[in-house]
Amino acid sequence: MLKPAPPTSISELLQRVETIAGLTLGELAAQYHFKSPDDLLREKGWPGQLLEYVLGASAGSKPVPDFEHIGIELKTLPLSYTGKPLETTYVSVVPLTNLTGLTWQSSSVKKKLNHVLWLPILAERDIPPINRTIGTGFLWQPDSLQEAQLRRDWEEQIELIAVGRVNEISGHLGEVMQIRPKAANSKVLTDAIGPEGGLIKTLPRGFYLKTQFTQNILKNHFSC
DNA sequence: CTTTGATCATGT
DNA sequence: ACATGATCAAAG
C-alpha cells in the first residue's frame, strides 16, 4: 500500500483511527509493508513511527504537530493487561538556556499538549511487538484542572533551571509532569545555566507525563 | 548534531 | 511493582 496522505479533517482522522482499532501492530505493518522488529531493544520508537505512517502524519518534522493541518499531536500509550499505562509519556525537550521571557503560554509543553490523539496499545512486555493490539484512539485536550497541574509543574521546574539549579532536578519532582534525561546516552552534554549564572554542561532533559496523569486521562475518557 | 519516536533496565 | 535514569534508531 502507498503511504497515506495527511487527513484533511479531524473526522477523517478519527475514521482512520476507528479502522485500525483491534488490529495488531504486526497486521498493520504487513498491510503497509512497514518493517516489523522482533523486539524493541533497538527500535524503541517503532510503534509511534508505524502509526504516524499509517495515519498520514508528517514524518519526522520538528516544531509542528504530527497532523499539522488540523493541529493534532499523536501519542501512542502502552498499556498493561489491566489497562494501566506502562510508561511515562515523552512531551518535549526542556529548554535549559535563554529562558528570559519564556512563559507557560508560549512553552512547547503547552503547545504540544493542546490537542492530542491518544492511541492505546496493549503492550505488556511479554507480548512481542507485532502481536500488540491497537485500542480505541481518542482525542484529548487538557481540562482546566489538568492544565493547572501541568502549568504548576512546568513553572516550578523551569524556575529552578532559570536560577541555575538544573543539577538539583530529578525525576522525583513534579506532581503530574517530571523532567528526566533525554539523550543518546549519559555522556551527552548540552549548555545550561549554572549556579554562578554562567553556562555549564549538563545532560539534555525532556518533560514526561507521569503514568498517573495519563491513567486519569484514560479514566475520564472511558468512564464519562 | 539535535529532535522525535519512545522503551529498556536497574535500583528501591 | 514501579519509577527514575539510561538508552537506541530514524530523520532533518
Side-chain angles (χ1 to χ4, degrees), chain A residues 3 6 25 28-29 32-68 72-98 107-109 111-113 116-132 134-135 137 153 157 166-192 201-216:
Chain A
K3 172 171 179 165
L25 296 179
L28 204 55
Y32 289 88
H33 302 107
F34 206 87
K35 64 180 167 183
S36 296
D38 293 331
D39 59 61
L40 301 183
L41 294 178
R42 311 189 78 77
E43 297 186 63
K44 300 179 178 181
W46 178 71
Q49 287 153 359
L50 170 63
L51 271 302
E52 280 192 343
Y53 182 87
V54 167
L55 294 176
S58 12
S61 46
K62 297 211 188 129
V64 299
D66 295 312
F67 301 101
E68 187 175 3
I72 291 174
E73 177 76 15
L74 172 64
K75 290 288 179 197
T76 59
L77 187 57
L79 301 184
S80 70
Y81 290 123
T82 56
K84 293 192 295 187
L86 285 167
E87 298 286 348
T88 54
T89 301
Y90 172 69
V91 179
S92 66
V93 170
V94 177
L96 301 176
T97 59
N98 304 313
S107 70
S108 58
V109 173
K111 287 173 183 164
K112 289 247 182 175
L113 298 183
V116 175
L117 171 62
W118 292 103
L119 216 40
I121 297 178
L122 179 54
E124 198 75 64
R125 285 210 191 174
D126 62 6
I127 307 175
I130 59 168
N131 292 338
R132 296 182 182 180
I134 300 164
D153 286 345
Q157 295 175 93
V166 64
N167 286 332
E168 296 176 36
I169 291 181
S170 78
H172 300 91
L173 299 180
E175 177 190 355
V176 301
M177 184 174 68
Q178 64 186 168
I179 287 178
R180 303 219 308 279
K182 177 72 164 103
N185 57 62
S186 61
K187 291 156 198 146
V188 177
L189 294 175
T190 191
D191 287 339
K201 289 290 187 182
T202 192
L203 259 173
R205 319 294 172 97
F207 285 109
Y208 295 81
L209 301 179
K210 302 183 80 169
T211 53
Q212 281 286 18
F213 186 74
T214 48
Q215 184 170 358
N216 269 296

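On a predicted model such as this, the values are computed, not experimentally measured, just so you know.
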Short side-chain N/O contact to [N] OP1/OP2 from [X], under 4.0 Å:
{"X": "Thr190(A)", "N": "dT2(B)", "value": "no"}
{"X": "Arg180(A)", "N": "dT4(C)", "value": "no"}
{"X": "Lys44(A)", "N": "dT7(C)", "value": "no"}
{"X": "Gln178(A)", "N": "dT4(C)", "value": "yes"}

Are any non-hydrogen side-chain atoms of [X] and [Y] less than 4.5 angstrom apart?
{"X": "Tyr208(A)", "Y": "Thr211(A)", "answer": "no"}
{"X": "Leu113(A)", "Y": "Glu73(A)", "answer": "no"}
{"X": "Leu28(A)", "Y": "Leu51(A)", "answer": "yes"}
{"X": "Phe67(A)", "Y": "Leu55(A)", "answer": "yes"}

Contact summary for Val109(A) and Ser92(A), nearest pair of heavy atoms
CG2-OG, 3.6 Å
Minimum heavy-atom distance between Pro37(A) and Ile130(A), given as atom pair plus value:
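For Pro37(A) and Ile130(A), the tightest heavy-atom pair comes out as O-CG2, 4.2 Å.
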Integer-rounded Å distance: dT4(C) C1' and Leu209(A) CG
16 Å
dC2(C) C1' sits how many Å from Phe213(A) CZ, rounded?
20 Å
Return yes if the base of dA6(B) and the side-chain atoms of Tyr208(A) contain a donor-acceptor N/O pair under 3.5 Å, otherwise no.
yes
Is any side-chain N or O of Lys182(A) under 3.5 Å from a base N or O of dG5(B), one able to act as donor and the other as acceptor?
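Side chain to base: pair found, below 3.5 Å.
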Along DNA chain C (nearest heavy atom to each residue), the more 5'-positioned of Gln212(A) and Ala183(A):
Gln212(A)
If you find the nucleotide of DNA chain C closest to Lys210(A) and the one closest to Ser186(A), which residue's nucleotide is nearer the 5' end?
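In this pair, the answer is Lys210(A).
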Check the orientation of Tyr53(A) and Phe34(A). Use parallel for under 30°, tilted for 30 to 60°, and perpendicular for over 60°.
tilted
What nucleic acid atoms does [X] come within less than 4.0 Å of, heavy atoms only: base, sugar-phosphate, or nothing?
{"X": "Tyr53(A)", "result": "nothing"}
{"X": "Lys75(A)", "result": "sugar-phosphate"}
{"X": "Gly45(A)", "result": "base"}

Could you list by number each residue of residues 76-98 of chain A showing a heavy-atom separation from DNA chain B of less than 4.0 Å, or answer none if no residue does?
Thr76(A), Pro78(A), Glu87(A), Thr88(A), Tyr90(A), Val93(A)
Tell me, which of residues 119-129 of chain A have any heavy atom that sits under 4.0 Å from an atom in DNA chain B?
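Correct list: Arg125(A).
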Nearest-nucleotide wise, let me know which of Arg132(A) and Gln49(A) is further upstream toward the 5' end of DNA chain B.
Gln49(A)
Check: Gln157(A) side chain, Asp153(A) main-chain N or O, donor-acceptor pair, under 3.5 Å
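Present.
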Closer than 3.5 angstrom, by distance alone: can the side chain of Ser58(A) be matched with the main-chain N or O of Asp66(A) as a donor-acceptor pair?
yes
His172(A) side chain: which of dT7(C), dG5(B), dG5(C) is closest?
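Selected nucleotide: dG5(C).
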